[in-house]
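Here is the structure we will look at, set down as structure tokens.
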Amino acid sequence: MTLDEHTTLAGRLVRSRVVFGPHETNLAVGRSLSDRHRAYYQRRAEGGTGIVVTEVASVSENDWPYERAPLASQCGPGWQSIAAACAPYGTLVLAGLGHTGMQGSSAYSQSVLWGPSRVADPATRELPMAMGQPEIDQLIVGFREASALAVASGMDGVELDAGPRSILRQFLSGLTNTRQDRYGSDRVALVREVISAVREEVGSDHVVSLRLSCDEEAPWAGLTPDLAIGIAREVSPFLDLLVVVRGGLYSSDRYRPDFHCPPNFNLDLCREIKAALSIPVVVQGSVVDIADAHAALEVGEFVEMTRAQIADPDLVVKAARGDRPRPCVLCNQTCLVRDPRNPVVTCVGNPSAGFETVDPDEREQISTPGAVLVVGGGPAGMEAARISAVAGHSVTLVESSSQFGGMIRTFARGDGRSRFALLAQWLEDECRRSGVTMRTGAALDAQGLGDARSRGEFVVVATGSAARPPTYPVDDSVRWLDASEAFEKLSTVGPGPVALIDPLGGPIAVAFAEALAAHGISVSIVTPDSIVGSRLGASGDLVGANTRIQQAGITRVLASRVTEIARGAVCVEHVHTGERSQLECEVVIDCSPRLPNETLKEEADIQVGDSVAPRTVLESIREGRFAGFTTRTSFNSAERAIS
């Protein structure tokens, strides 16, 4: 079976076996699906996905789990525009429907949460009310009415959410359902009644799919594969499709984990569930590579590749013609957006994701090609070169070191971060395929850039960053290394002990600590925060990182700042009490922000990435992308200013 193989569901043609699953986007306007939603889903339909499941819409107004959470009763026009936009590409569009129950939030609704029982959410500690029959009846009506509106708006069907954060899963699980009535003695009752109501409403000619958590990884009371098989068998006669997922009250991070969890991690679970059913099954679980997708199709009829299609919307058509899609690195840094800042969904490797109505289309050609010189072969420089070359410019990319990739390749050496090297290699390969002239070991000075500009070349400077000198006194009793330098010399850092200074709370210090501890080196992390990796919450790795650090025996020095490094020790001061202590070490690795390399700033037409301000991969590639788009208009006038 191939990814682009056609099939049918409920008598409806499905273009391919690939599913773009439901996820938060923060693209809503109020609680309505927006034109940005339409463009976002249309772009994936154009790229060959077979099924799009729209962002889950709450079926009841009292369920408002995050600020821009869609409300089904307000989604009719949005569903209509999405269905119309995707139809020409043969993509089936399902409306995601759900209710987060006790795992929601009262912050926006300012009303009590609903739950099957009085069990507080372990994340928010908020206690729900135990739903009575009136609330249960209202919930069933909510699913029925939302389904009716969806199909009336042109959707091909609905997908009901019984996944890690859903009220339907909460009724199925002994972790959250301790009721003494029939919904407790028969925990499948509510799901059965909801599915029955929805099927009655939409008929047999529309798709009804169920996203079911089949393992909560809490076997003492939660859903297990054996229980899930029984549930799936009971409700499958009313379904056209089952999506097998993992996670629950204490393991919601297992739904879409980052690169610390291997791709295709759900394959055995999906195989077990599929063997018990006769209806089609969707395999889900960090499936991001084409080879893994084909392996998944040996287990189920469909494969969900949501993050992979955020990274590259053309994944299916590229796979069909033998091209290599832009890789998903499974970092979760910008595609998980359940965040108080309300960031729009996007991708570190493809910053146009989520911004389809804002960014130009990179495939468009230009009428007035010119010559572009890009200085610096890191992610910003390579993306600028690639976008410029795809447009039709003659592009030269020069890099002073012996290889392209910059900081991506440097930090890809960290624990679990090797997938970042795939992105660096893809950028390099695409530059070559697009005709970019690429030179390593080529250091240009201001004079060289001035000469290029005098010849009419558009100059993009992406020279990256430089180490930041320590902001505290350091004597020669300890070896001090900048994080980038330390990654380059990882094998020579030992034998330790090593102290990592982490003022950022990001993934770098965690990756360092794990890599060093794996080599038997004694490691400590000093951070001003109350927890290591404080910024990892958005990517879903905060708990995982601290668990791994604990298991590896890494010392955590919390709420502390460094005052000096002297006499073979790091001197630290508690940020709240002012209490001072010493941490003996032989090596100090400073993970502080680096400084921009501004040596060629004055000779640039445009400066991008870390050479402006060292940040993350997202900013580097996004600014490189903007530079590439800028070159498309820079040669339209013969009077382009040359300063």
Is the closest side-chain heavy-atom distance between Lys274 and Val283 below 4.5 Å? no

Strictly by modelled atom types, are Asn350 and Ser352 linked by a side-chain donor-acceptor pair under 3.5 Å? no

His99 and side chain to side chain contact (heavy atoms under 4.5 Å, CB included): which partner among Val56, Leu168, Leu139? Leu139

Under the 6.0 Å and 45° cation-pi test, does Arg622 pair with Phe355? no

Are Tyr89 and Tyr41 an aromatic pair by the rule of ring centers under 6.0 Å? no

Using only heavy-atom distances, determine whether the side chains of Arg211 and Tyr255 contain a donor-acceptor pair under 3.5 Å. yes

To the nearest 0.5 Å, what is the distance between CD1 on Ile231 and CG on Leu223? 5.0 Å

Calculate, to the nearest 0.5 Å, the distance between atoms CD and CD belonging to Glu364 and Glu362 respectively. 10.5 Å

Establish, from distance only, whether the side-chain atoms of Asp121 and Thr124 form a donor-acceptor pair under 3.5 Å. yes

CZ/Arg363: more than 12 non-hydrogen atoms of other groups inside 6.0 Å: yes

Verify the neighbour count for atom CD of Glu61: are there more than 12 heavy atoms of other residues, nucleotides or ligands below 6.0 Å? no

Whether the Glu201 and Ser147 side chains hold a donor-acceptor pair (N or O, under 3.5 Å, no angle test) is what I'd like checked. no

Side-chain donor-acceptor pair present, Thr2, Asp4, cut-off under 3.5 Å: yes

State, without any angle test, whether Arg68 and Asn26 hold a side-chain donor-acceptor pair at a distance under 3.5 Å. no

Please tell me whether Glu159 and Ser209 have a donor and an acceptor in their side chains that are separated by less than 3.5 angstrom. yes

Can Thr49 and Gln309 be counted as having a side-chain donor-acceptor contact under 3.5 angstrom? yes

Return yes if a side-chain donor-acceptor contact under 3.5 Å exists between Ser286 and Arg307, otherwise no. yes

Heavy-atom closest pair, residues His6 and Arg15: ND1-O, 3.1 Å

Can you tell me if Glu216 and Ser251 form a side-chain donor-acceptor pair at under 3.5 Å? no

Are side-chain heavy atoms of Ile279 and Leu242 found at a separation under 4.5 Å? yes

Has Arg419 got its NZ or CZ under 6.0 Å from the middle of the six-membered ring of Phe259, at an angle within 45 degrees of the ring axis? no

Tell me if the aromatic rings of Tyr66 and His23 count as close, with their centers under 6.0 Å from one another. no

Please tell me whether Gln170 and Arg187 have a donor and an acceptor in their side chains that are separated by less than 3.5 angstrom. no

Thinking salt bridges, do Arg199 and Asp240 make one under a 4.0 Å N-O criterion? yes

Without swapping roles, check the side chain of Asp156 against the backbone of Val207 for a donor-acceptor pair under 3.5 Å. no

